[in-house]
Amino acid sequence: MRTAHPKVLGEVLFRPMVLWVADAIQRAGIEHCVAVLGKGHDEVQAILPEHFAHVIQAERKGTGHAVLMAKEYIRSGGFEDVAVLYGDAPFVLSEDIERAYEQHKAQNNAVTVFSARLEDPAGYGRIVRGTNGVRAIVEHKDADEEILQIDEVNAGAYWFNASFLLEFLEEMTASNAQGEYYLTDSVEAAVSKGWRVDAYTASPDTVLGANDRKTLSYLNQLAQKRVVARLLEEGVDIPFPDQVVVGPYVQIGPDTRLLPGTILIGDTVIGADCEIGPNTTIRNSRVGDGCTIVSSQVEDSVVGSKVKIGPMARLRPGCHVGDKVKIGNFVEIKNSNIGEGTSVSHLTYVGDTDTGRWCNFGCGVVTVNYNGSQKYRTTIGDGVFIGCNTNLIAPVTLGDRVYCAAGTTVTDDVPSDALVIGRARQTVKENWNQDGKRFPKGNQS
Amino acid sequence: MRTAHPKVLGEVLFRPMVLWVADAIQRAGIEHCVAVLGKGHDEVQAILPEHFAHVIQAERKGTGHAVLMAKEYIRSGGFEDVAVLYGDAPFVLSEDIERAYEQHKAQNNAVTVFSARLEDPAGYGRIVRGTNGVRAIVEHKDADEEILQIDEVNAGAYWFNASFLLEFLEEMTASNAQGEYYLTDSVEAAVSKGWRVDAYTASPDTVLGANDRKTLSYLNQLAQKRVVARLLEEGVDIPFPDQVVVGPYVQIGPDTRLLPGTILIGDTVIGADCEIGPNTTIRNSRVGDGCTIVSSQVEDSVVGSKVKIGPMARLRPGCHVGDKVKIGNFVEIKNSNIGEGTSVSHLTYVGDTDTGRWCNFGCGVVTVNYNGSQKYRTTIGDGVFIGCNTNLIAPVTLGDRVYCAAGTTVTDDVPSDALVIGRARQTVKENWNQDGKRFPKGNQS
Amino acid sequence: MRTAHPKVLGEVLFRPMVLWVADAIQRAGIEHCVAVLGKGHDEVQAILPEHFAHVIQAERKGTGHAVLMAKEYIRSGGFEDVAVLYGDAPFVLSEDIERAYEQHKAQNNAVTVFSARLEDPAGYGRIVRGTNGVRAIVEHKDADEEILQIDEVNAGAYWFNASFLLEFLEEMTASNAQGEYYLTDSVEAAVSKGWRVDAYTASPDTVLGANDRKTLSYLNQLAQKRVVARLLEEGVDIPFPDQVVVGPYVQIGPDTRLLPGTILIGDTVIGADCEIGPNTTIRNSRVGDGCTIVSSQVEDSVVGSKVKIGPMARLRPGCHVGDKVKIGNFVEIKNSNIGEGTSVSHLTYVGDTDTGRWCNFGCGVVTVNYNGSQKYRTTIGDGVFIGCNTNLIAPVTLGDRVYCAAGTTVTDDVPSDALVIGRARQTVKENWNQDGKRFPKGNQS
C-alpha cells in the first residue's frame, strides 16, 4: 500500500474498508465487537462505532495471534459463538454472516469457515470436504494435484464455538519457523479433537481484499459498478455509468438523472425527477423531488423540492433550503435556513442566516457574520428585497417586505415595509477621461 | 424503465429517443406524420415538431392496434404509402427510410419490412425469404431449427402500400389470447392475398431500442462512441474520448481540442483551433475560432473568435460576445451584448446590458437589472472603465470612455469622457485594534 | 490528422510529441541536436529547447531526404556517431537510446537499427538477421512468407556511424518512382560495402506514432495508464484511475488521493497526504503535504502544507501561499504572497498583493490593482482583518492588525492597529414598500 496509515482505512466508495465490515456486522445483528488493531490503532479507533472494544496487537504474528489478543474479551463476555472477520475485506455480506451462523448452530460446529467458489482459485487455501463436514484447509503451496482442482476456497471469515476457540487459542503453537500463528490451524485442531467443522459457501466477493493500491482501486471500480447497476434497476437515468460515483447507502428516486462527474456520498437521499450533475458532489444530504443541481457542491444539508442549485454553487453544512428556492451561480450558503421560493441568484454569501419566504437577494450580497472575534446570525423576514452589493452586518434583523437599496451596508435592524439605503450619491467630473487618457486600452476601438 | 414518463422520452445524448426518430423522418423528406401516443401523451406532444398530428392509443393492445388508431389519419390523407416506425428505436437512419422506399416502389410491395443481419439474432423475429420476396416473419419462439439459423431479423420498421394497410387494419384479428394485434401479421395477410412483400436490409442499429435503463444507458454510450469517432476523423483533438459527450448534430472545426468533462449539446457549432474543457457544458451556441472555454457553461449564445471564457464562468441565454473578449472567473453574463475586446475578468454580473468595445469591467461589478418589479437594460459605450465593486443601476447609460471609480453606485446617466464617483471617504481611528483585541486570531503570528 | 499545424505538435498528456522525443534525447545525454522541420517549422522551433539547431525540409521526399537536410550540420559538427529519431514517435526511451549506443560502439556498427518485437508485426518492416548482424530490412509489402513470420520490426530509430552516414547521404539514390529517399536503404548500402549493421531490441512502444487523431488519442490513453500505474505503485490513492490525467513528470507523495476529473500537468510536485479533486487542474506548481484542493485550478504557483483550496477557487500564476492558508469558494489569487494561516474564504480577488500572516479577508474583498493604465501592488501586514465588500485601491499599504470595516473603499495607507472605515450610514424610509408594492413577487408568501 505504501501508506503511513493502517491499511483498513483504505477507502472503497469514500468509506474506509473497516467500516464496510463494521456495517455488515451491525446489520447482521452482532452487538459485541472487538477490533484487533496494530500500528496506527488510534486512527482506526477514531472512526469505528463507539461500541467497538479494541485490543492492540503490537507484533504482527499471524491471524491466530491476532485473535489471541482478543482472548480476554471473548472469555469475559461469556459468548457462545464468535465470528472472526478481516478488516480489509470489505465485501462480506451481512446476509452471509447471518446464514453462516444459522448453519453453524444447526450443525453444532466448532468452526464454520466461510468459503467461496472461484473460477480461478489459484493462490487461495482449498476447502477439503469429507463425509461429514470439512476435513481440512490446505494452503495453495501445500496442495497436491488433486486438491488444486478444488474450486472452493477459504474466504477468510469464520464462526467459532467460543469454548472451542478459547481452547484452541490456549493450545495453539506457531505454524512456521517465523513464529507465526495461523487461525486456519483451528480446523485441524477441531477435527483431531472430534469437533465438527463445516464450510458455508458465501458470496465470492467475500475473498476480495486490498493489499496494494491497484487492488484497492479495483475494489472501488467493482463496488461502483454494483451500485450503478442497482440504481439503473431502480429507475435512475445514468447515461454514462462509468462517470458517476455513488456510495453504497445512497438512495435515489426514479426518473432522476445523474450526469457525468456526479459524486454522491455518505448518507444521501435524492428524490425523484431530479437532474444532478455534471460535476456535482453531494455528501450526507437530503434532496427532494424535481430538483436541479448543476456543477455544485452540497454537504450536510436538507434541500426541498423543485429547488434549482447552480451551476457553480455551494451549500456548506447546516443548510435547510425550502421548496422552489433558487441558488444561482457563485453563491455560497452556510448554516442557514432559506424559506420557500427565495432566490439567491448570483455572487452572494449567505451565512448563519434565517431567511423567510419569497425573498430576492441581488448580486453580491454578503451577510457579514463574523466581526473578527464572534459569529452572529442575520434574520430576514418574508418578501424582502435585498439590493446588489449590500452588506448585512450581523446581528441584524430585517422585517417583512424590507427593501434594501443596492450598495447599502445595513448595520441596524430595519422594520417591516421599510426602505433602507446607505450609499454616497454619484458625482460626475466631466471630461476627466477625455481622449481616454486614464484608460488607454479603451481607445483601441 | 421504472419511469413516470413515456418511454420514448428517454434521452440518448440529451435528445429524447422519439426526436431521433422524428429527425430521421424529417431528413427522409416525409411531411405528413402522425404519432400514436399512450399514457403521458401530453409530454410527448409538447416536444414533437408542430406538424405532427397525433392520436391516442388508450389501451396497449399491440403494434397492429397502435397503427389502427391512425387509420382515419391514413385514410383521409390519401397517401400512397405509409412508413411505420417505433418511437423508442432511435437509430433508424433517414438514408434507410429513403432507400427502403425506393425499393418498396420499385418492387410494388404491399409491405417492405426493414430487416437487419445480426451476429446474434436470438430473440428477434426471423425474415423468411422465398423465391419472390419475403414469405413470412417467424417469431423466435415459433421458429424451428432451420429458421433459427436465419440471421436476418425484423428490424421493426415498415413501408406499407396504403390501400393494403387500410384493408389489413379493417380485417385484422387478434393475434393471441390476450387480444393483442400484431403488425407482423400483415406479412401473412399480404402474401395470402397475393401481394408482394419484401425486406430492405437496413443498418443493424435499426433494431436497437431501450426497454430498461441499462439498455438506454448502452444506447447513450454507443451513440457517444459514434459521434466521437466522427469528430476524430474531422480533425478534432480528443485525448480522452470516453470522457466527453457530444450531441449528434454538433459541428466542430479541426484542431479544436475537447478536454475531459466536456459536454456539447443541441444545435452547437464550435470553430477551429479552440480548446474546450475540462468540465465545460455548451448548449445551443455558436463559438468562433481560436477560443478557450475552460470549466464554464455556455447556453443559447453566440461567441466570436479568440474569446477566452473561464475558468468557472457562465454565459446564460441571449449573449452575443464579440471577438477577443475575455470573460474571467466567477463571471455571469446574461442576455447581453459584449463588444469586441472587452474584458470582464472576475466576480461580475453583466445582465441585460449592451456594452461597447474595449471596455474593462473591474472585479465585483454588478449591473443592477431588476428593481423587484421590472427588469431594465444597461447601456455602456466604447472604452469605458468600470471600477471594482460598483453597481450600475438600470436603466442607465454610460457614454464612451466613461471612467467609473471603484465602489460607486451609478444611478444616473453619465456623459462620455466623464469620471463618475460616489463613495464615502475613508476615516481612520488609530489604535482601535491595538493588541489585536478585535481580531484575536490575527495575533497568532 | 486534419490539422493546420505540424503533426509533431500533437500532444500526449498535454506535451507535444516532439518534446517527448527531445526529453528522451536530453536524458540520454546527447547535447548536439538538429531538428529537420517542414511546413509550420516556426511553431515547432518556438517550443524546442534553445540548443536545438534546425534545418528546413521544404519538400517531403522521404526519411533519407530529411536526414540529407542535416548533412552540413553533421559534417561540420565532427561527430563520431549520429542518432536519428522521429519527432512523432513519442515513446522512445532514453535508456534505449543509451543502450543502443553502447551496443553500436561495442559492435563498431555502421548502422544500429532500433527494433521491436511485436505480437502483430503486420505492416512493419521486418529485421532480417544474418550470421553477423542484420542483413536487411524488408518492407511488409516486399516480404515473402518466410520473412512475414519475423516478429522483429524496424522501430524507426537509428544510430549511425557519422562517416558512413555522410557517405550514404552523398551516394543515396531515390528509392522509388516518386523520387523519395528512404533511410532504410542505408542498411543495404552498409552491408554491400562490408560495414556491420545490427539491431538493438528496444521497448515495443518505440514504434508507436500518431498519423491520425484516433491514434493520437490512443497514445494519450496508453501514456495515461502507464503514469497511473506508476503512481499506484508509489502509494497514491486513485479510486477511479480512468478519470484522472497526470503528466509524465508529475511527482506525487504517498497517501495523496486523486479524485475523478483531476488533471495534473507539467512540472508539478504534490506532497503526501493530500486530497486533490474532483475536477481540479494543477499546472506547473508545487503543493506541500496535507493539502486539500477541491474543484479548483492552480497554475505556476507554490502552495505550502495543510492548505485548503476550493471548492471552485483559482490560483493564477505567481502565487506563493503559506502553510495552513485557506482559499475558499469563488476566490481568485494572482501573483500574490499569502502569509501563513491567512483565510480568504469567499468571493474575493487578491491580485498583486503581499499579505502577512493570520489575516482574514471577508467576502467580496477586491484588491484594486489596475487603474486603467498601470498595475500596482497592495501590501497588508500581519493579523489584518478586512471587512466584506471592501476595495483596497493599490498602491496601498495596511499595517499590522489593521481592522477594515465592511463596505469601505481604502484609498490611503492605514497605520498598524487602526480601524479604517468609509461608508454611508444607513437611512430608513418607513412604509416605503408597504403591501410589497415595490417587490410584488415577495407577496407570494
Side-chain angles (χ1 to χ4, degrees), chain A residues 229 231-243 254-255 257 259-261 272-273 278-279 294-295 311-312 328-330 345-347 360 362-364 371-373 385 387-389 403 405-407 423-436 438-439 441-445, chain B residues 1-5 10-11 212-214 216-217 220-221 224 242-243 245 261 263 279 281 297 312 314 330 332 339-341 347 349 356-360 364 366 368 372 382-385 389 391 393 401-403 408-412 414-415 417-424 438-440 442:
Chain A
L231 295 174
L232 287 169
E233 276 181 17
E234 291 172 0
V236 180
D237 184 26
I238 314 178
F240 300 97
D242 292 347
Q243 294 182 62
D255 286 319
R257 168 183 284 185
L259 292 176
D273 258 319
N279 303 323
V294 183
S295 298
M312 296 174 275
N329 38 219
F330 321 125
S345 292
H346 19 217
L347 291 157
N360 187 85
C363 180
N371 69 358
S373 54
F385 183 90
C388 299
N389 267 333
Y403 191 104
R423 65 187 184 214
R425 290 199 80 83
Q426 77 178 59
T427 309
V428 169
K429 300 193 182 176
E430 297 201 353
N431 299 321
W432 189 84
N433 189 33
Q434 202 152 30
D435 308 321
R438 314 284 181 152
F439 176 41
K441 178 181 170 258
N443 287 327
Q444 293 188 43
S445 59
Chain B
M1 276 284 191
R2 290 199 158 219
T3 175
H5 308 285
E11 293 192 3
D212 55 33
R213 298 286 186 185
K214 191 175 165 190
L216 183 59
S217 163
N220 270 283
Q221 291 162 71
Q224 189 270 355
D242 292 346
Q243 294 183 60
V245 179
I263 300 178
N279 302 321
T281 301
Q297 311 240 346
M312 295 175 274
R314 184 186 185 197
F330 321 124
E332 171 191 1
E340 181 189 351
L347 290 156
Y349 169 55
R357 304 164 75 195
W358 302 102
C359 296
N360 188 86
V366 179
V368 184
D382 290 335
V384 171
F385 183 89
N389 267 331
N391 298 304
I393 299 191
R401 293 172 303 283
V402 163
Y403 192 103
T408 300
T409 292
V410 180
T411 51
D412 300 309
V414 182
D417 299 315
L419 166 74
V420 56
I421 184 166
R423 65 188 182 213
R438 316 283 182 151
F439 176 41

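In this structure, chain A has a heavy atom under 4.5 Å from the backbone of B:Val384, while its side chain stays farther away. Contacts between B:Asp242 and chain A at a heavy-atom distance below 4.5 Å involve the backbone alone (N, CA, C, O). When heavy atoms are compared at a cutoff of 4.5 Å, A:Pro278 approaches chain B solely by way of its side chain, counted from C-beta outward. With a 4.5 Å cut-off on non-hydrogen atoms, A:Gln434 touches chain B through its backbone and its side chain both. Interface remark: A:Ile238 contributes backbone atoms only to the contact with chain B (heavy atom separation under 4.5 Å). Interface residue B:Pro415: only side-chain heavy atoms are found under 4.5 Å from chain A. With a 4.5 angstrom heavy-atom cutoff, B:Ile421 touches chain A via backbone and side-chain atoms both. Both the backbone and the side chain of B:Met312 come within contact range of chain A, with heavy atoms under 4.5 Å apart. With a threshold of 4.5 angstrom between heavy atoms, B:Thr411 approaches chain A through its backbone and through its side chain. With a 4.5 angstrom heavy-atom cutoff, B:Val414 touches chain A only via side-chain atoms. Residue contact with chain A, scored on non-hydrogen atoms closer than 4.5 Å, involves the backbone and the side chain of B:Gln221 alike.
Note on A:Asp255, A:Thr427, A:Asp435: by heavy-atom pairs under 4.5 Å with chain B, the leading option is A:Asp255. With respect to chain B, the highest number of heavy-atom pairs below 4.5 Å among A:Val428, A:Asn431, A:Leu232, A:Asn389 belongs to A:Asn389. Comparing A:Gly261, A:Gly372, A:Ala424 by how many heavy-atom pairs each has under 4.5 Å with chain B, the most go to A:Gly372. Most heavy-atom pairs under 4.5 Å with chain A: of the set B:Thr408, B:Val366, B:Leu216, B:Thr281, this distinction falls to B:Val366. Interface check for chain B: of the options A:Leu259, A:Val236, A:Asn371, A:Leu347, the most heavy-atom pairs under 4.5 Å are formed by A:Leu347. Considering only heavy-atom pairs separated by less than 4.5 Å from chain B, the leading option among A:Lys429, A:Gln243, A:Glu234 is A:Lys429. The candidate with the highest count of non-hydrogen atom pairs below 4.5 Å against chain B, out of A:Cys363, A:Gly364, A:Pro254, is A:Cys363.
Under the 4.5 Å side-chain criterion, counting only non-hydrogen atoms from C-beta, B:His5 is in contact with A:Asp273. Using a 4.5 Å heavy-atom threshold, the side chains of A:Phe439 and B:Asn360 count as touching. Counting heavy atoms from C-beta outward, B:Thr3 and B:Arg213 have side chains that approach closer than 4.5 Å.
A:Ser295 and A:Asn279 share no side-chain donor-acceptor pair at under 3.5 Å.
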Could you walk me through whether B:Val245 and A:Phe240 satisfy the side chain to side chain contact (heavy atoms under 4.5 Å, CB included) test, starting with their C-alpha distance in whole Å, then the side-chain angles of each, then the deciding distance to 0.1 Å, before giving a yes or no? CA-CA 9 Å; B:Val245 179; A:Phe240 300 97; 3.6 Å; yes
Step-by-step side chain to side chain contact (heavy atoms under 4.5 Å, CB included) determination, A:His346 to A:Phe330: CA-CA 6 Å; A:His346 19 217; A:Phe330 321 125; 5.7 Å; no
Give the C-alpha distance, both sets of side-chain angles, the deciding distance and a yes or no for side chain to side chain contact (heavy atoms under 4.5 Å, CB included) between B:Gln297 and A:Asn329. CA-CA 10 Å; B:Gln297 311 240 346; A:Asn329 38 219; over 6 Å; no
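Residues A:Arg423 and A:Ala405 share a closest heavy-atom pair of NH1-CB, 3.7 Å. Heavy-atom minimum distance, B:Trp358 versus A:Lys441: CB-O, 3.8 Å. Nearest heavy-atom pair, B:Thr409 versus A:Gly407, reported as atom, atom and distance to 0.1 Å: OG1-CA, 4.0 Å.
Proximity of a side-chain donor or acceptor of A:Gln426 to a complementary backbone N or O of B:Asp412 within less than 3.5 Å is detected.
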